[in-house]
Each structure stands twice: as structure tokens, then as C-alpha cells.
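Written below as C-alpha cells is the structure these notes are about.
Per chain, numbering begins at 1; letters A, B, ... match sequence-line order.
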Protein chains: 2
Amino acid sequence: MRVSRAAKAESRDRIVAAAARRLRAAGVEGSSVGDMMADAGMTHGGFYRHFANKDALVAAAIAAAFAEFSEPLAAGVAAGEAPAAAADFVARYLGDGHVAHPELGCPVPATAADIARSGDAARAAFGAGATAVVDALAAALTGPRRRERAWRQFAMLAGAVLIARASDPATAAEVLATARRGSL
Amino acid sequence: MRVSRAAKAESRDRIVAAAARRLRAAGVEGSSVGDMMADAGMTHGGFYRHFANKDALVAAAIAAAFAEFSEPLAAGVAAGEAPAAAADFVARYLGDGHVAHPELGCPVPATAADIARSGDAARAAFGAGATAVVDALAAALTGPRRRERAWRQFAMLAGAVLIARASDPATAAEVLATARRGSL
DNA sequence: CTCGAAAGATGATGTGCATCATCTTTGCTT
DNA sequence: AAGCAAAGATGATGCACATCATCTTTCGAG
């Protein structure tokens, strides 16, 4: 069957959105093309009408995941409420919901190790997404070296959630409590 | 063929050491039992004489990887030279060699996302390994809340290396330079 | 209004994987 | 010294995956 041009674009969006979720939940190697197409409501057949290969979808999905996850932060900064938006971002980042639901969370703790083994396109999308987050966080800071402090803060957040997800409950609770208490 | 009891223990050590390397380089799903056995100089056949399943090997390999990577730090602390050992650890952690060679590096940025999807045994080994690193780092600090500051420092290090490995070269250079300049 | 082309379904191909069964050899117990 | 049991090799088994070929249907250009 054939579909209209608008419907094709919508299909592509559905594939990317489905991939963005599944990649964060199951990792790159744990997410098959067929699974992601099924999540998007299609069979695996039409996949290569949209993407050259799995890597191309991964790159697009990483960009989408960053955009989705940091949308509230970006919106707050654009609205001139950077400090409040950044505080909300940090609280959400270290919240139990974020730790328990990587499929809707930050791509850094969920997918970075896989992206490190992926192609240049995915790495470029990842670097751009991380940089955008840091730019927004830096907008909420005052004083010297705002950008540097924003990078360290973001790295600490990502590391804390990463360790918490991979550890036993007691260790996870300790890292998270400590990260919540600390600001850079 | 059969092998002596000592030779069996040595075989097991070789399997664990090979797995510890390959898991950090290729991830859990990217490392097949057959590959790891071949790295250890054997065929896949004898694997289940040593481990109940792949997960059991992953757990053992994570413990071994933490022990190997943090050995210099632990030795320095045990020798009463905690401050110097911790400084060396941080410099090594953020060094180009560590970023470029995950197979010999810290298990946190290399394997945490995979371990988060693994069983309880692997999570317990991971939490214990991370806690041991933090204990050693805390021994090098003075003043209040040493343990908390050590956790935040370690999370920041892991996050920075994680982001650097997954990003384009320009972004990676920026994160690393920033992390090197910053102390918590 | 018609026809080529393309979206997506169905199905095939070849590969790789975890796990198990079996066989051979040989250490270790009696 | 003898035979049992176990380490590791060889070889299935059954499944999952990325990619490609083909077929059907319908869009959109002329």
C-alpha cells in the first residue's frame, strides 16, 4: 500500500519517537528494527524507505530524545525564567521518577555507552544535544565561568543517575541523596 | 579432556579477566559467551562448567573490573598516601588514555547502562565496586561531609568521561577540559 | 483519468547467539 | 591400579536479528 506524503512524514515521526523511547529503555543492541517499527504501528518492511540503516535511525532518535527531555528547560530559559527552569530540571533529573523511567529520561545515562560505539552521526547528535542542555543550564547561572560550572553540574547529574540505576537499592539511595544535597 | 583443579581455577580466572575487558569494550549485549571464551583461549563448550549462565559471568567480571581499575587507588590509601593516590586517580580518570580505552578503564561509564538492565547479582557487584572507590576517595579528603563530596566527585568524573566518549571530538574536548579544571 | 512510482506488507536469507547434549580425555578418589 | 566423574571440545537446536526482494495498493503527476 502507498501513503500520502504527509502520512509518510507522520510515519517517520512515529518511528523516531518509538525508537527514542525504546533505545533509552533497552539500549541500541537491545532494540531491534522490527520492535521499533512495531512500536510505531508498522511492520519492519517499510523501514528502509525512511532510513538508510539502523544507525541512521539511532542518530535521529538521539536528537529527538534530547529535544523532548530538555524541552521544559529550554522553554523556561526562552521565557526568561532560567533560574526556576534550571532548578526544576535538576530536581526532575534526580527524582525517583527519572531514575525509574529511563525511556522518558535523559539520553546521557541511558544511551551514552552505546552511542560511544556508534557512528559519527549519532555522536554528533549526542554532542549537540548535550551542549544544548549545558547552554540552557549556563543561562541560569551568574558569576564567572558559568559554562564550565554548567558542564560539571550536568556531568555530576548524569553520573549520579547512571550509578544509581546500576547499583543495589542501598547504594542507589545514597548516591541520589548525596547528589540532591550538592550543588556545584 | 579434563584438567586439574588448579588449572580449572586458572581457567576461570582467565574467563573472568577476558570478560572484564570485553564487556567494557563492547557492552554486555555486544559480548557473546563464545567471544569471551575464545579470548580466554578456550571454546564455548566448557563455559557452563564455570558459570550458571551469562549473567553470572557478568557479575563476576564487573567485580574484577572494579578491583583491577581501582587497585592503584586502594594501594595508595592502604599505604597511607591517600591524597596523592586520589590525585593520581582523578588525573588518570580524566586522561586521554582512559577516554580512549574503556576496556581497561572504569566500569561505570563503560558498563553501567547495561548493568542497570542486568540481574541483582551484577547490580550488587556494581554497587559494591562503586562504594569501594568512593570510600577510598573519601579517605583523601579532609573536613566535613567527606563521603558526600567523594560521591559527587566520582559522579562528576564518570559523567564527564561518559559524555566525552559519546560526543563529537569538539564537545568531548570541552567536557574533559572543564572537568580537569574543576574540583567539587 | 491514467499510469508510473513509491509506502508499506509479506516473506526470505544468512548470520549470530545462549544454551544444551554428547564425547573424549584425564585428574582424583578409593 | 582402576574406574568414576568432571573439564573442555564438538556439534546441535531454536530463536532473533539486519537487510533485501517482491508484491500490493494507492498517491500524485501528466
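- No side-chain donor-acceptor contact under 3.5 Å links B/Thr111 to the backbone of B/Asp114.
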Which protein N or O atoms sit under 3.5 Å from an N or O of nucleotides 14-16 of chain C?
none

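- The main-chain N or O of A/Val28 is found under 3.5 Å from a side-chain atom of A/Lys54 such that the two form a donor-acceptor pair.
- Under the side chain to side chain donor-acceptor pair (under 3.5 Å) criterion, B/Thr171 pairs with B/Asp168, sequence neighbours left out.
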So which protein N/O to nucleotides 28-30 of chain C N/O distances come out below 3.5 Å?
{"from": "C/dC28", "atom 1": "OP1", "to": "B/Arg5", "atom 2": "N", "distance (Å)": "3.0"}

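- Remark: side-chain polar atoms of A/Arg165 are not paired, donor with acceptor, to backbone N or O of B/Ala116 under 3.5 angstrom.
- Under the 30°/60° scheme for interplanar angles, the aromatic rings of A/Phe69 and A/Tyr93 are found to stand perpendicular.
- Counting 5' to 3', DNA chain D first comes under 4.0 angstrom of a heavy atom of chain A and last does so at the ends given by D/dC17 to D/dG28.
- For B/Arg147, the side chain to side chain donor-acceptor pair (under 3.5 Å) partners two or more places apart in sequence, or in a different chain, are A/Glu174, B/Asp135.
- Heavy atoms from other residues, nucleotides or ligands lying under 6.0 Å from CZ of A/Arg21 number 12 at most.
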Can A/Ile15 and A/Met36 be said to form a side chain to side chain contact (heavy atoms under 4.5 Å, CB included), step by step? CA-CA 7 Å; A/Ile15 298 169; A/Met36 295 186 285; 5.6 Å; no

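- Remark: B/Arg24 engages B/Glu68 in a salt bridge, criterion side-chain N to carboxylate O under 4.0 Å.
- Taking every heavy atom of residues 41-50 of chain B and every atom of DNA chain C, pairs under 4.0 Å involve B/His44, B/Tyr48, by number.
- The local environment of CG in B/Asp120 is sparse, with at most 12 non-hydrogen atoms from other residues, nucleotides or ligands closer than 6.0 Å.
- Closest non-hydrogen pair, B/Ile163 versus A/Ala155, comes out as CD1-CA, 4.3 Å.
- A 4.5 Å side-chain heavy-atom check between B/Arg152 and A/Thr178 finds at least one atom pair inside the cut-off.
- B/Lys54 places its NZ atom 8 Å from the C1' atom of C/dA18, with the value rounded to the nearest Å.
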